[in-house]
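Shown next, in structure tokens, is the structure this report addresses.
Sequence lines set the chain letters: A, B, ... in the order given, protein chains first and strands last, and positions in each chain run from 1.
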Amino acid sequence: MKASYFPGCTLKNKATHLDIYARKCADVLGVTLEEIEEWQCCGGVFTTSKDEVATKLSSVRALKEAKAKNQPLITVCSACHNVIKQTNHAMEDTQFADKVNRYMGEDAYDGSATVYHYLEMLRDLVGFDKIKEKVVNPLTGKKIGAYYGCLLLRPNKVMQMDDPENPQIMEDFIRAIGAEPVVYAYRNECCGGYIAMEDPQSAKKKSNRVTECAQIAGAEMIVTACPLCKYNLVKNGSELPVIYFTELLAEALGVKEVSNE
Amino acid sequence: MQRIGVFVCWCGSNIAATVDVQAVAQALKNEPGVVFSTDYQYMCSQAGQDMIKEAVAEHNLTGIVVCSCSPRMHEATFRKTAAAAGLNPYMVEIANIREQCSWVHKDIPTGTEKAIILGKAAVAKVNLNTPLTPGESPVTKRALVIGGGIAGIQTALDIADAGFPVDIVETKPTIGGKMAQLDKTFPTLDCAACILTPKMVDVAQNDKIRIFSYSEVEEVSGFVGNFDVKIKKRARYVKEDLCTGCGACVEKCPMKKVPNEFNLGMDNRPAIYIPFAQAVPKVATIDPNACNMLKNGKCGLCARVCTAGAIDYTQKDEIIEEKYGAIVVATGFNPISMDKFDEFAYSQSKDVITSLEFERLTNAAGPTAGKLVRPSDGEHPHTIVFVQCVGSRCENCAEKGKEYCSKICCMYTAKHAMLVRDKYPDIETYVFYIDVRTPGKNFDEFYRRAVEEYGVKYVKGMVGKVSPEGKKLKVQASDLLNNKQLNIDADLVVLAAAIEPDKSARPLATMLTASMDTNDFFTEAHPKLRPVESPTAGVFLSGACQGPKDIPETVSQAGAAASKVIGLLAKDKLTGNPCIASSDENMCNGCSSCERVCPYGAITYVDKEFRMPDRTTKVRRVAQVNPAVCQGCGACTVACPSGAMDLRGFASNQIIAEVDAICK
Amino acid sequence: MNNKMQNLRDEIILRSGVNPSKCMACGKCSATCPAYNEMEYHPHQFVSMVKSGDIEPLLASDSLYKCLTCFACVDRCPRGVEPAKLVEAVRLAAIRQQGANHLKPDMVPDMLDDDMPQQAIVSAFRKYTK
Amino acid sequence: MQIKEYKPLIVAFCCNWCSYAGADLAGNNRLNYPAEVKIIRVPCSCRVNPMFILRAFQRGADGVIICGCHPGDCHYTSGNYYTRRRMALLFSMLDFLGIERERTRVEWVSAAEGAKFATTMNDFVEKVASLGENKRLEDLRCKR
């Protein structure tokens, strides 16, 4: 199976692990990821305002290319996923799409591409059962707390990934690689996000709340899909290791050396 | 040819001021069929009516046109006048020259011209009128009550009191419904069981009432006064007539780990069980999904200990067929699922419970014998947070919550918090509310007592997040009046879940051809003036199946439904509306188009023999309208492709005659 | 409400697509907001103040830059009001004024550390500047 | 030849339970509307056979309006839904035959909406009057 792939700026820089292992694992799972040519940064956050056109163009270009190749568009970074998926949804509104399409050259885009987060790809296109079969190093006994953050799940009306209050996709993923998921209430709360830039204290409070909650619930490790979540949790002194889900997957599939964390 | 009399009313100056009534009477005199035409100041007065009667006799009239006020006002009056004069009452037509003419037009020529045209249309219609007689149908003097909660119980008792036999169909092994699960009732705080169980016993002992427990309605056909109902009595593997309810089998059953639905899964029951001590009928039931004997033929202990010989592993579902004159729906409600509201962590912690679970937790007959403890570890709670409006008053969240106010939550939450504070003054209680709605007798006083005397902390605001951390539930909420975000360490969180109609209501409504609203509550015939009747004749509504209700309201509605049923069953025959559809069998081709559009299921098909011109006979499928069920909307007349279906009183040729008269 | 405020209010409502009249004042947005304590005006106040046209205090408030756009208020609002979109529309009204960018490029270097992901920088720029 | 002021001829079908009562209420409140509107009472808007409308046009009516209960409020629970569907079909056929869309209308008027009844009729008559006489379907043999 072939799919278009949008890595995003952070994955080329501070979060290379998220990207590298995503590609390696895709190979093992029989998915060919074709990186969008000359992709541009998604902008990090979706602007909800109806008169914000320019901020959505980069996402629309990526979507349009995937659509032209008739491939699903795969994202890994939570932020990219959130922005691109919401942009795609916004493009279903023809009035708004008309404004955007003025910048799109000859071919108009209409919001008809399908966007999958890598996790959704694992669940819906590959299947957790198949992953289970391909696991060579099951992470047996590891108690892992999934950290969704806010970007993957909300707004649920658009994201439609899972139940936003009681998601299961990461937990199922953790089971598929042989580990034990630990459910804790703050797994779908915000880490503080970009506020870390100008008000690090505010971000610290939010991040610590998440790690505390995971720790009390008995997690030994936190797994995430978002570079900013990882940054905030680690920076603010998480006692638990914070790891990208692609790293764990790579470990289980035997394409990464087993970490000692 | 008809002999028509035209009577133009002045209505004092109401009509006469803008309509030249004499000109109208004069103009209509020349219409076909008209043999007499006159005007008078007040046609509806005794003198006016006498004038009509005299004219009928004198001119040998066969039809009457009254040009007067709206037929909604005096059609019935003039029909009675006609009947008194020896005419068929349906030979009267009204031309509305007041509301729809003199009152809305200003100058006399315009008003007069229009009044003449309206009169001509009425004359054209009467020319085609035929005498109509309302049909009659017998009434089966027995009522069916579907649902054995407090609504069904009260309705059944009241109907039986009037001397009519009643059957109650209840899906659970016992009657009692939700009220049997409650601890105390607001605003008087008497114990639910103490006031309910005597009524249950009354039902059991009333020889006019039969209880079909563990049963459901399978099929309904027929119509008002004459319903045919099939009831499926599910196999309970215990002979009801032999079982004494001694409970020996329940005690001995080795399969003790079945979640107890009566306690909402908070404890276990055996595979053979009696839901609670005061169950009616007090008969054991075997759960076929849990019983080893039924699943794999190994055990049989209950049969061995039963001295009455009541256990019967070979029992089968049984279909009972019965006729009823009236059906009362009392299917009640359930709290909605909390699955979609996991910001309150219902699925993550045993200590987040619904209010109904809380009732069981404080009920002396409940899983903890009435001791209020945390379900997770059995420890005494120190702080309890109540959250109101969970799933109620939601917009656009059909798959999540409900748009309406569930009505009972404010009061039971006040009750819960008050009872907690009364029994355990050391427990802090918080109630998060959006609005406190207490419109009921002594309701607001009750709520105020909870706040002022019992020290329940009411906080205007909502809980945003519940996070189970260790033994505590961290509750994050807003306090809007103090403009603060609160963080409370709670031991127990109680969610006032929205209520919704029982899931059995929707298929039942289809069987009954009774209408429902978008929330699956049954629709009443009129929201104010006929609140306990369904638009479907002979079907009545009792309790929360019609909308959220508390116990006093339910009981009064149950009584009202019973009185409507008694009014129906007291009649020997039902007189129908004669303006109903009828099919010309010679034109009907049996296509079923009419049957499909009929909202009442009044149309059925019969195979009928027809004599052909060549003296052979041929069997054809033709439509038949049940005159007792048809309400006369006329949907079928338009759906009929062959023009076989017509509506009496509003026949196609009559309406066309009116159109022609207006357009002439 | 004067004319100018009326216009601004209408513009904010139009731009955000939020109808503040749908709010039933339950306060769940503020109950669930992770940035509540950093805010001078809280999500429910944004809704009610926009509704009444009392927008000037909001434009001047630091609360605009404390919202994390985590959408908890959007998903948990029982009435579908979507307060976060309203906050964004007010913020845009503020930063679109001349010279009103909240974050200026020369401020950025001091905010960075070695591990700060690009995502944080681009997000902050998108939220705080025009 | 005498030139008469053109006055359109309007046939209004009103259901007995809502719209006819609404028309009565307009009368009770003395809300004026043109006398060109002549009301025919039917039990339910779904009693109106498309044939009746064609007949009216054939006989020289310039506009036909059907009034029923609001969706969801039908006395017979679903009659007005049938009306809505049937008339959508009929009106598009009439359109095809060259009868202007403005000559036909379905309107929901409740028993409490006397004012709506009057404004609807004023508006409808004005629109039809602006179209002039209906010539397309009129059968000249039936001309007055």
Spacing of B:D339 atom CG and A:E165 atom CD [to the nearest 0.5 Å]: 12.5 Å

B:K474 side-chain N/O to A:C213 backbone N/O, donor-acceptor pair under 3.5 Å: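 Not a single qualifying donor-acceptor pair exists.
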
If you count the non-hydrogen atoms of other residues, nucleotides and ligands that lie under 6.0 Å from [atom1] in [X], is the total more than 12?
X      : atom1 : answer
B:K350 : NZ    : no
A:K205 : NZ    : yes
B:K415 : NZ    : yes
B:K503 : NZ    : no
B:K371 : NZ    : no
B:K460 : NZ    : yes

Contact origin within B:Q348 toward chain A - heavy atom pairs under 4.5 Å: side chain

Toward chain B, the part of A:D163 with a non-hydrogen atom under 4.5 Å: side chain

Stepwise salt bridge (charged side-chain N to carboxylate O under 4.0 Å, His left out) test for B:K465 and A:E189: CA-CA 10 Å; B:K465 180 90 183 172; A:E189 297 299 322; 2.9 Å; yes

Student check: side-chain heavy atoms of B:E469 and A:R209 closer than 4.5 Å: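 Result yes, sub-4.5 Å side-chain heavy-atom pair found.
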
A:N166 versus B:S347, closest heavy-atom pair with distance: ND2-OG, 3.2 Å

